[in-house]
Amino acid sequence: METKLIYQALNEVEADAVAVVLFEGGEGLPQAQTWIDELRSSGEFTGKSAEIATLHQPQGLKAKRLIAVGGGKKDKFDAAVLRKIVGTVVRAVKQKGVRKLAWMLSGDNDTVTAEAAVEGAILGNYEPTMNKPSSEAKPLESFALVAPTHLAELEAGLKRGVILAEAQNFARDLGNQPANLMTPTIIAQQAQQMARDFKLDIEVLDRERMKQLGMGSLLGVAQGSDEPPVMIILKYQPEAGVKADGKASDHLALIGKGVTFDSGGISIKPAQDMEKMKYDMCGAAGVLGAMRAIAQLKPNVPVTGIVPSVENMVSGRAQRPGDIVKSLSGKTIEVLNTDAEGRLILNDAITYAKRLGCTHLVDAATLTGAIVVALGHVHTGAFTNNQEMLARVLAAAKEEGENMWPMPLDDDYRELLKSAYADLANIGPRWGGAITAAWFLREFAEDTPWVHLDIAGTGWLDESAPNLAKGPTGVCVRTFAQLAARWA
Ligand code: BES
Ligand code: ZN
Ligand code: ZN
């Protein structure tokens, strides 16, 4: 889809449809008042958030349709609301003959407005049709933001929004592919292609190299699959001469769980819904998407993306419950449940990140069903060993409209991972499963500032939302890119 910024008055805009936002209680774009008064007095339109009313062949306009979009209460209107309502309109009109959509900006036209609007459009226009030639989805051809006067901030916002939303859709593409078409090897190839396209350094560790290094924890998960495991390392370095203010030594690591299929292993999952476990690499997809955006936004801090990727399968070679493995850190782990595999691959990635000199770590993982019990599909669960680091991540998430909620990680929970035979067990008792999983990772982050994001509930939409297609959401891409951008 083409995205552009044009400077015109409402009556001059040529498009299949032009959308204007109107608020509850009367306020909206003055230019559209005549048409809108009619809609309001008829009772068809009140301005409630995401409400849509369409006027065909509106007199005096060049556009074929005028779409009134509810903005809700004006004092609650922000970038997150705008992103959502643009996506909702795009999804509503693209199946109804609209190919070229224009969107009137009004009021406070700053960078954030343009960015959020264009993100909403690109994300809403996305459909997972790559393996469905018979699909009748008809995406928009163009989305134009219309502003009354020229503003440099709008240009910047549009550019940034395109970068972020396309990166997020890239992550959604990775997550949508089924496990036969998105193996660890294919993820590595995709990462290599992306690194070439956006000029990032990349290294892919293979099984042999990981064996030499001593990543026994990751390799234990991988041993049951015929698909070889990989550890992908993507490096972004700010241009020479540019240094992060004051803290020139900061180095951010983004780590993403890349289990391309999670059968559970010998502790096998029930058949019901098992197909969904192709999404168990959505943390990895988020990291790859974020690195794609970071390569273009060029923040002032070095960022390393690390993706441990394996397939968790059942076979005669598969790891058994009770097996003890030795991680890269040297700590031994008793594998009480082979379905708690995410933490087994992430711990080696965390240790490796520290060895690469990363000073701040963030990981994203579809780690536990328990976080879905706790927070549903609304918030990502955020855990940390460092409140300052958490505050930075939450601030970035807020700016990007991604919901995250801080979870506890008190010492009392650590007791629950004790093992009689190894340094720690890979599961705790039934309750508090998202927290014991996070504590497991914390054991490897040790004192390095670290935030863990459990995206099991937010990485995937079971049903499409008004503004987004069903399936992988690409969550964390925008937050991670924003975190890096705002670091310095
Ligand atoms: N990938 C799953 C997490 C998951 C489970 C996401 C269900 C969405 C729905 C993870 O590898 C897993 O299986 N976790 C187990 C841990 C348990 C064995 C301690 C879980 O949450 O059931
Ligand atoms: Zn599992
Ligand atoms: Zn898993």
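Just so you know, these numbers come straight off a predicted model, no measurement behind them.
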> Got a salt bridge between D447 and K354, using NZ or NE/NH1/NH2 to carboxylate O under 4.0 Å?
Replying inline: no

> Taking NZ, NE, NH1 and NH2 as the nitrogens, is one of them in R478 or E399 under 4.0 Å from a carboxylate oxygen of the other?
Replying inline: no

>> Regarding K278 and E275, does a basic nitrogen lie under 4.0 Å from an acidic carboxylate oxygen?
In response: no

>> Quick check against the 3.5 Å criterion: does D454 have a side-chain atom that pairs as donor or acceptor with the backbone of L367?
In response: yes

> Is it true that a side-chain atom of T458 and a backbone atom of H379 form a donor plus acceptor pair closer than 3.5 Å?
Replying inline: no

> Are the charged groups of E341 and K257 less than 4.0 angstrom apart, N to O?
Replying inline: yes

> Is there a donor-acceptor pair under 3.5 Å between the side chain of S315 and the backbone N or O of S225?
Replying inline: no

>> Classify the ring geometry of F143 against W103: parallel below 30°, tilted from 30° to 60°, perpendicular beyond 60°.
In response: tilted

>> Checking ring pair (Phe, Tyr, Trp, His ring centres under 6.0 Å) between H452 and each of F440, F383, F444, which is the one that passes?
In response: F383

> Got a donor-acceptor contact below 3.5 angstrom from the T338 side chain to the R320 backbone?
Replying inline: no

> Do K269 side-chain atoms and D262 backbone N/O form a donor-acceptor pair below 3.5 Å?
Replying inline: no

>> Between D197 and Q193, do the side chains contain a donor N or O and an acceptor N or O under 3.5 Å apart?
In response: yes

> Hey, would you say the W439 and Y413 ring centroids sit under 6.0 Å apart?
Replying inline: no

>> In the structure I gave you, are the side-chain heavy atoms of I306 and V287 within less than 4.5 Å of one another anywhere?
In response: no

> Among side-chain atoms of N131 and Q177, is any donor-acceptor pair under 3.5 angstrom?
Replying inline: yes

